[in-house]
Amino acid sequence: MAISRVLVANRGEIALRVIKACRALGIESVLAVSEADRESLPARSADHVVGIGPARATESYLKVEAIIAAALSSGSDALHPGYGFLAERPELAEACAGKKIKFIGPGAESIRQMGNKLLARELARSCGIPLIPGSEKVGNLKEAARIAKDVGFPMLLKAAAGGGGRGIKIVRERAELQGAFETAGAEARAAFGDETLYIERYIPNARHIEVQVVGDRFGSVIHVGERDCSLQRRHQKVIEEAPAYSISEALREEIRTAAVTIAAKIKYENAGTIEFILDQDSGRFYFLEMNTRIQVEHPITEAITGIDLVREQIRIADGHRLSLSQPEVKFSGHAIECRITAESAQDGFRPSPGRISRWNPSSGPDIRVDSHGYEGYTVPPFYDSLLAKLIVRADSRVRAVARMQQALEDFTVSGIETTIPFLYMVVCQLEYIRGRVNTKWLEGMLESVPLPTRGPDRTARQEESP
Amino acid sequence: MTEDDVLEILNLIEKSGFDFFQLQTGDLKLVVSKGGYMGSGTVAFANDTAPAAQPAAAEAKKEAAAAQPKPKAPVVRDGTVPINAPMVGTFYITPEPGAPPFVEVGKRIDEDTTMGLIEVMKVFNAVKSGVRGVIAEICVQGGEFVEYGQTLFLVKPEGSTLKSRPRVSAGRPTSKGKR
């Protein structure tokens, strides 16, 4: 039976993105909203709106029962989880299956297997994909010390239940190991309910390269190219590009093939992303993790392939075959995405919620803005600070950078602080333009010149950053 | 001009003494900077490379100041000074769910004591006391949504801070009129 009504279990720009994809397919959309989001742009755009609870996400967007109840009461026959919130919680996929609601994403088994980083590593190993030298589950400090001898310092202590840049602790020397082991375990238990840790070698000169894959229930799995997400701050991506630049075609092909191999092995259905770390010193790449959902940065892939990934997701969930085969995927040009957040970069990236008094996004050929912002909108303090994704495309990387500079200059937001001026600074840097970056480059640039003013003390409860 | 030409020019810029360069040829306009993050003279949006952006930025500041919400009226009680919320957000009185609270009534605190956390947009900000004394009253509950300026604690001041105005060391959102 074809999907006729989709419950959108998310908020912000991705909710709007899904609503638009539904509309393009002639499918009705129902948006699940918290009290804080009743006046949001996606709430105005959706065909129907269902209230699911108070502003706080733990009582609304993170509540499986509330989401399922909203889907059932609204007569939705499918559910799109977006990214974040419940997107990678197997319980939601399972609950949907139990109620005969089509989950627009992979099956609960795939989510579970890839959600545990140790299981994911094991799977990659069984496919012959290189892994960052490290360990399996580390049971105690003694074991950690023994593994550390082989791996060497600095090394990373990672939570098996972590992912998306969360639950990572860097250990620079032997003396730090005991303290780091104890706090990382406690933090992992508090944040993920699982204290299992493992060890990975720290790769100082790394690029983050990830491959977009899509698979259908008939066993077809293809890749839709790769993205370079090396510009990060506190393990969170800031600027992404497609395709990956300054790597050989042979290496590109190898990484793409590795991704398809892993996805095919688990008969992956729907859209997913396999992340790799490329060691620029040795030229070798390693499996990092898999994200079993649509990614924030999916538009840059769309920009260079012309494929609508969210639409593809819905079609796959509806039981269709992939709309194209591997040879039919064509790449053209270079795309860049900047994540514009409601933060004050000058003030230690202090969150800046509040009312937008002026909203003038950039526009033009090959410029795309995915955002839920509008003039008069009050950015609530309860959720992630992502406000807009600015995506540009051009024939070459240099031209794409130039276009991004212009697009950032043109993008005006008043009333709240945004990271637009900061992003503009970044894309003007010579090293960035030349593509001589690694995953530490952005933070290094931020440190190289002290920020003029310091923001309030930060205590990251969940995301631990070295 | 081809991509290779541009890269060649970038090589020259790298070797040159210029910190700042604007390349304009045909339909390509590229701004190139060699470091300097928001230092004087290199602030991109206060530079002549982006003349249009400057008034916009200034205006943004002004409008941000205008949009600054009125602080919630603090609680006033004789003999005590309030510690007010430096920002809007969810107030937490414990470092972790289930953990003992940072402070309790009757506890002696100094200016740097962490009183609690305020979560705003998934970022946790420590609220510093800013005053030396003994906690007389806790005015909010853990997990409560607090407004900017709302009184979180009342403190019986001691020693040198008796005459000084209470201050909230974390945040100080009013100092720049930015929120």
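So you know, we letter chains A, B, ... as the sequences are listed, proteins then strands, and number each from 1.
The OH atom of A/Y424 lies 9.5 Å from the OG atom of B/S33; values are rounded to the nearest 0.5 Å. In this structure, NZ on B/K34 lies 15.0 Å from SG on A/C428, to the nearest 0.5 angstrom. B/L28 CG to A/S396 OG: the interatomic distance, rounded to the nearest 0.5 Å, is 7.5 Å. Interatomic distance, CZ of A/R399 versus NZ of B/K29, reported as 14.5 Å (0.5 Å rounding). Here B/F20 contributes atom CZ and A/L430 contributes atom CG; the two are 12.0 Å apart, rounded to the nearest 0.5 Å. Note: A/E431 CD to B/L10 CG = 12.0 Å, rounded to the nearest 0.5 Å.
For the side-chain contact (heavy atoms from CB on, under 4.5 Å) with B/V120, the qualifying choice from A/P351, A/S352, A/S385 is A/P351, the only one to do so.
Residues passing the side chain to side chain donor-acceptor pair (under 3.5 Å) test with A/E35, sequence neighbours excluded: none. Residues forming a side chain to side chain donor-acceptor pair (under 3.5 Å) with A/W359 (at least two apart in sequence, or on another chain): none.
Counting heavy-atom pairs closer than 4.5 Å to chain A, the top-ranked of the candidates B/V32, B/T114, B/L23, B/D27 is B/V32.
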Using side-chain hydrogen bond (donor to acceptor under 3.5 Å, both in side chains), reason through A/R350 and B/N125 one step at a time and then give a plain yes or no. CA-CA 9 Å; A/R350 178 170 51 79; B/N125 305 274; over 6 Å; no
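Here B/E14 pairs with A/R436 in a salt bridge; the nearest charged N to carboxylate O distance falls below 4.0 Å.
In the displayed structure, B/F18 atom CZ is contacted under 6.0 Å by at most 12 heavy atoms of other residues, nucleotides or ligands. Within 6.0 Å of CD on A/E375 lie more than 12 heavy atoms contributed by other residues, nucleotides or ligands.
Heavy atoms closer than 4.5 Å to chain B are found in the side chain of A/Q406, but not in its backbone. With a 4.5 Å cut-off on non-hydrogen atoms, B/E3 touches chain A through its side chain but not through its backbone. Contacts of B/L30 with chain A are made by both backbone and side-chain atoms, with heavy-atom separations under 4.5 Å. Interface remark: A/A342 contributes backbone and side-chain atoms alike to the contact with chain B (heavy atom separation under 4.5 Å). Only the side chain of B/V6 comes within contact range of chain A, judged by heavy atoms closer than 4.5 Å. Both the backbone and the side chain of A/R397 come within contact range of chain B, with heavy atoms under 4.5 Å apart.
Side-chain contact check for B/M121 versus A/D384: every heavy-atom pair is 4.5 Å or farther apart.
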